[in-house]
2 protein chains.
Amino acid sequence: MTHPLRIDDEECRRLAGVMEIIGKRWSSGIFLAIGRGAERFTEIEQRVEGLSARMLSVRLRELEAAGLVARTVEPTTPVSIYYRLTDRGAELLRSLQPMAHYARRWEPPLTR
Amino acid sequence: MTHPLRIDDEECRRLAGVMEIIGKRWSSGIFLAIGRGAERFTEIEQRVEGLSARMLSVRLRELEAAGLVARTVEPTTPVSIYYRLTDRGAELLRSLQPMAHYARRWEPPLTR
DNA sequence: CTGGATCCCTATCGATACTG
DNA sequence: CAGTATCGATAGGGATCCAG
């Protein structure tokens with residue numbers, strides 16, 4: 001070993017990888033909303049303040065592609081579409097809880 | 001209550017606020033690096049693969065403005081500059097650990 | 001209801017060059 | 001060593017309209 005406080009570059013890269021997905025604007029809010037029970041497109045849209053349908057659509061596809069969210073089509077008339085977390089997504093949600101908790105105490109950012 | 005799984009809009013907003021800071025490109029890597037002991041500008045730059053001096057400079061100012069990182073000037077010749085986490089930053093780092101751990105097991109994203 | 005397609009402006013970022 | 005200034009390319013994102 002070189003020294004006791006070694007930086008794990010691999011971990012940095014991987015964290016950055018996860019961040020590139022849920023760190024994008026709206027992503028964490030959408031992810032949290034789904035994780036907390038919002039299943040329908042409109043429901044999620046209303047839940048996250050300021051979110052437009054377009055961005056919700058874009059982000060949902062990204063979250064799907066990342067394997068964090070699953071899209072289910074119910075053959076009703078008209079069809080109903082449901083979003084929910086995958087196992088992988090649920091795992092991420094759990095690892096995100098401490099941050100969400102930390103965020104609760106986040107005082108009005110010092111600047112701006 | 002409406003239902004057991006209530007969405008906390010305030011929490012969503014606050015998490016989004018924190019994410020807007022450390023979710024940006026390079027931010028989490030830089031933040032992790034400092035949290036793990038990288039103190040000097042050049043040290044951080046080398047630690048985070050692909051990071052340019054310009055982006056490091058920009059991100060450091062953002063992290064400083066957010067009160068997560070402190071910049072210290074040692075009156076040596078020439079002056080030495082050190083970056084380290086504030087208490088607030090250290091707290092965030094702790095809340096980030098589960099995600100960093102989750103990220104370690106993040107398999108090559110399923111798509112693309 | 002659940003989005004996709006377009007337009008268009010803005011923010012972001014990498015590369016490069018330069019300074020105290 | 002520790003940054004800043006500038007520039008051009010590109011990605012992000014809001015508004016709007018349209019469709020299955």
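Residue numbers start from 1 in every chain, and the chains themselves are labelled A, B, ... in the order their sequence lines are given, proteins ahead of strands.
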query: Roughly how far apart are A:Leu63 CG and A:Leu68 CG, rounded to 0.5 Å?
result: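 Here the rounded value is 6.0 Å.
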message: What's the separation between atom CZ in B:Arg61 and atom CZ in B:Arg71, rounded to the nearest 0.5 Å?
response: 10.0 Å
To the nearest Å, how far apart are [X] [atom1] and [N] [atom2]?
{"X": "B:Glu20", "N": "D:dG12", "atom1": "CD", "atom2": "P", "value": "15 Å"}
{"X": "B:Arg47", "N": "D:dA2", "atom1": "CZ", "atom2": "C1'", "value": "17 Å"}
{"X": "B:Arg25", "N": "D:dA11", "atom1": "CZ", "atom2": "P", "value": "11 Å"}
{"X": "B:Glu39", "N": "D:dG3", "atom1": "CD", "atom2": "P", "value": "14 Å"}
{"X": "A:Arg71", "N": "C:dT2", "atom1": "CZ", "atom2": "P", "value": "10 Å"}
{"X": "A:Ile21", "N": "D:dA11", "atom1": "CD1", "atom2": "P", "value": "18 Å"}
{"X": "B:Tyr82", "N": "D:dA2", "atom1": "OH", "atom2": "P", "value": "8 Å"}
{"X": "A:Leu60", "N": "C:dC1", "atom1": "CG", "atom2": "P", "value": "16 Å"}

- prompt: Hey, does the side chain of A:Arg61 come within less than 4.0 Å of C:dG4's phosphate (OP1/OP2), counting only N and O?
  reply: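 Yes.
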Terminal axes of the helix from C:dC1-D:dG20 to C:dG20-D:dC1 (five pairs each): angle between them, nearest 10 degrees: 60°
query: D:dC1, D:dG14, C:dT2: which one has an atom nearest the side-chain heavy atoms of B:Thr42?
result: D:dC1
task: Using a heavy-atom cut-off of under 4.0 Å over every strand shown, decide if B:Tyr83 touches base, sugar-phosphate, or nothing.
output: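 It contacts sugar-phosphate atoms only.
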task: Using the salt bridge (charged side-chain N to carboxylate O under 4.0 Å, His left out) rule, take A:Lys24 and A:Glu20 through it: C-alpha gap first, then chi angles, then the decisive distance, then the call.
output: CA-CA 6 Å; A:Lys24 287 187 179 177; A:Glu20 267 177 36; over 6 Å; no
task: Might you work through the side-chain contact (heavy atoms from CB on, under 4.5 Å) test for A:Ile44 and A:Leu56, ending with a clear yes or no?
output: CA-CA 8 Å; A:Ile44 302 168; A:Leu56 175 54; 3.8 Å; yes
- request: Begin from the C-alpha positions of B:Thr86 and B:Val69 and carry the test side-chain contact (heavy atoms from CB on, under 4.5 Å) through to its verdict.
  value: CA-CA 5 Å; B:Thr86 60; B:Val69 166; 5.7 Å; no
field: Test: B:Arg40 cationic atom under 6.0 Å from B:Tyr82 six-membered ring centre, within 45° of axis
entry: yes
- prompt: Does A:Glu10 come within less than 4.0 Å of A:Arg13, counting only side-chain N to carboxylate O?
  reply: yes
A:Arg59 (side chain) donor-acceptor with A:Arg25 (main chain) under 3.5 angstrom: yes
task: Please collect all ring pair (Phe, Tyr, Trp, His ring centres under 6.0 Å) contacts where either partner lies in residues 20-57 of chain A, sequence neighbours excluded, each pair once.
output: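 Every candidate ring pair (Phe, Tyr, Trp, His ring centres under 6.0 Å) pair involving residues 20-57 of chain A fails, so no pair, neighbours aside, qualifies.
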- line: Within residues 48-59 of chain A, those residues having any heavy atom closer than 4.0 Å to DNA chain C are A:Arg54, A:Ser57
